[in-house]
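Remember, it's 1-based here, ligands and their atoms both numbered in the order they're listed.
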Amino acid sequence: MAEDLTAQVLGVLNNADGPVLTSEAFPDKDFVTVKSAVDKLRSREFLEAKQVDRIELIPTEEGATFVQHGSPEARVYRAIKEKGEVKIKDLPGLVGDANVAKFGQGSAFKNKWIKKDGDSLIPLVDSIQDVTGNQLKEITETKTLADAKAVADLKKRKLVAERKVVTFEIQKGPKFSMEFVKEQTDLTGEMLADGSWKTAKLKPYNFKAKGAATPSGALHPLNKVRQEFREIFFEMGFEEMPTNKFVETGFWNFDALFVPQQHPARDQQDTFFISDPAKADPPREDPPTQSMAELSLADSPKHKRTKSTVSQSDDFKQYWEDIKAVHENGKFGSIGYRYPWSKDESLKLVLRTHTTAVSTYMLRKLAKNPRPVRYFSIDRVFRNETVDATHLAEFHQVEGVIADWGLTLGGLIGFMEVFFGKMGLTNLRFKPAYNPYTEPSMEIFSYHKGLKKWVEIGNSGMFRPEMLEPMGLPKDMRIYGWGLSLERPTMIKYGVSNIRELLGHKVDLNFIETNPAVRLDKD
Ligand SMILES: N[C@@H](Cc1ccccc1)C(=O)O
């Protein structure tokens with residue numbers, strides 16, 4: 001830490017009648033030490049200070065030799081004068097330096113101090129004034145030289161250099177006193193009790209101080225992007241679906257969506273199966289309830305139904321039978337997949353592989369009171385995938401569903417343009433794709449300017465009659481569905497190229513705390 005000069009500075013001011021230059025009062029103290037004492041005293045009005053910058057001259061290394069031995073021309077003159085006559089070839093030996101002899105001779109000729117006489121040199125004058133040597137001596141002593149032309153000359157000859165010196169001109173301030181009492185920053189209980197507050201010197205508030213950063217929680221980037229998506233959905237008239245169940249039956253995750261039981265997605269490689277319990281009760285008219293709040297209430301132990309009260313309504317039995325029929329032999333105008341449908345397979349418990357399971361039971365509920373609706377959800381899904389830079393075994397799915405009469409594929413494309421347009425993605429392409437539960441199906445691509453290529457941003461389609469008709473939805477009702485991951489736009493927005501920097505134990509908490517708010521508009 002810098003030495004505390006406060007007391008000395010006060011002492012200097014006490015003995016002075018006017019302004020004092022700190023560089024003169026404290027020639028040996030470094031600038032930082034002086035500044036810290038001056039600042040401390042200035043902030044409490046013990047002194048007033050003005051910063052004064054000035055340029056000082058200092059002789060260079062070569063200039064310093066002139067101060068010591070005189071200029072080369074003076075050295076040459078003195079050597080010749082002393083001997084009366086000097087052979088040119090002996091001069092270097094006499095002045096002790098070949099360069100000094102060479103340059104000194106030139107200048108001494110120019111000054112008309114010496115002249116040539118055959119191969120000897122002889123003096124022309126009785127005495128000389130070593131102007132350059134004297135100028136450099138003066139500079140060494142006073143750090144300045146009045147003659148500006150001479151200074152320019154010396155600089156050109158690299159005999160002096162300039163140095164900027166920052167100093168303070170200080171004088172007594174309104175609260176000057178020799179006693180530097182540390183100001184109190186707190187009015188404490190003890191001060192009130194013992195009366196010392198009456199005489200205490202309290203430090204005035206500094207209303208300009210920025211204050212220490214308050215430690216606080218921070219939203220994860222995924223949550224910020226999620227919130228942006230939610231706002232887009234709400235703005236477009238969507239209701240949020242209750243997605244707080246990660247475990248589903250194969251029935252709701254696959255069968256009700258017309259995903260055949262042999263479909264590769266239902267493989268151990270793609271789906272996580274629950275081992276304990278491995279199987280569920282037959283699906284029934286149960287939750288989902290209307291809201292998130294109701295759903296969590298229904299899940300609470302107080303409201304938990306016991307097995308004895310579980311029964312399948314006739315209506316639900318019919319749904320179950322229709323799903324079996326539509327897979328096995330076909331129904332509702334479909335020829336089905338023609339394989340023996342297994343009830344056990346549909347009762348297997350899985351970590352949901354998509355939130356479309358939730359959309360499905362919301363649509364089944366809609367069949368009770370068919371009307372145009374717009375639903376969305378943004379929540380976690382699980383896939384037994386090989387983990388790499390862009391894939392984890394779990395991610396968040398953004399999902400939307402629109403039910404109405406008279407919907408067409410053109411309408412879906414138009415809607416996608418509006419929906420993704422709100423995120424700044426305007427240049428879309430649609431590619432025919434396949435989902436067991438939608439026909440037609442389309443993958444949605446957007447041109448990524450940064451990556452300079454088309455990237456897939458979502459999957460969509462119109463739900464199949466094989467899925468909707470067993471639910472009891474009107475035959476002429478059409479339903480769009482689409483899904484995308486929350487991680488991909490988040491990674492693009494925050495410039496994260498490895499998903500492990502976004503989720504998991506390698507996440508830098510500093511990044512989470514300081515990352516900016518996101519705006520899903522044009523890049
Ligand atoms: N479930 C699809 C998304 C989707 C939802 C609804 C309709 C069509 C597609 C997926 O996981 O990619």
**Q** Given the side-chain rings of Phe234 and Phe376, with only the six-membered ring counted for Trp, is the space between their centroids under 6.0 Å?
**A** yes
**Q** Below 3.5 angstrom, do we get any N/O pair linking Asn435 and ligand 1?
**A** no
**Q** Please identify which atoms of ligand 1 are closer than 4.0 Å to at least one heavy atom of Thr438.
**A** 7 (C), 8 (C)
**Q** Using a 4.0 Å heavy-atom threshold (strictly under), name the region of Thr356 that reaches ligand 1: side chain, backbone, both or neither.
**A** side chain
**Q** Has ligand 1 got any nitrogen or oxygen that is less than 3.5 angstrom from a nitrogen or oxygen of Glu399?
**A** no
**Q** Closest non-hydrogen protein atom to atom 2 (C) of ligand 1, residue and atom name please, with distance?
**A** Tyr437 OH, 3.1 Å
**Q** Here's one to test your reading of the geometry: is the NZ or CZ of Arg478 within 45 degrees of the ring axis of Trp405 and under 6.0 Å from its centre?
**A** no
**Q** Does ligand 1 have a heavy atom under 4.0 Å from the side chain of Glu443, from its backbone, from both, or from neither?
**A** neither
**Q** Between His354 and ligand 1, is there a nitrogen or oxygen pair with a distance under 3.5 Å?
**A** yes
**Q** For ligand 1, does Trp482 get within less than 4.0 Å through its side chain, its backbone, both, or neither, judged by non-hydrogen atoms?
**A** backbone
**Q** Could you tell me which atoms of ligand 1, counted from 1 in the order shown, lie closer than 4.0 angstrom to a heavy atom of Gln397?
**A** 10 (C), 11 (O), 12 (O)
**Q** With a 4.0 Å cut-off on heavy atoms, is Met442 touching ligand 1?
**A** no
**Q** Report yes if the distance between the aromatic ring centroids of Tyr375 and Phe238 is under 6.0 Å, otherwise no.
**A** no
**Q** Looking only at protein heavy atoms, identify the closest one to atom 12 (O) of ligand 1 and say how far it is in Å.
**A** Asn459 ND2, 3.3 Å
**Q** Looking at Tyr319, is Arg364 sitting on its ring face, NZ or CZ under 6.0 Å from the six-membered ring centre and within 45 degrees of the normal?
**A** yes
**Q** Just to confirm my output: which protein heavy-atom neighbour is closest to atom 4 (C) of ligand 1, and how far is it?
**A** Gly483 N, 3.8 Å
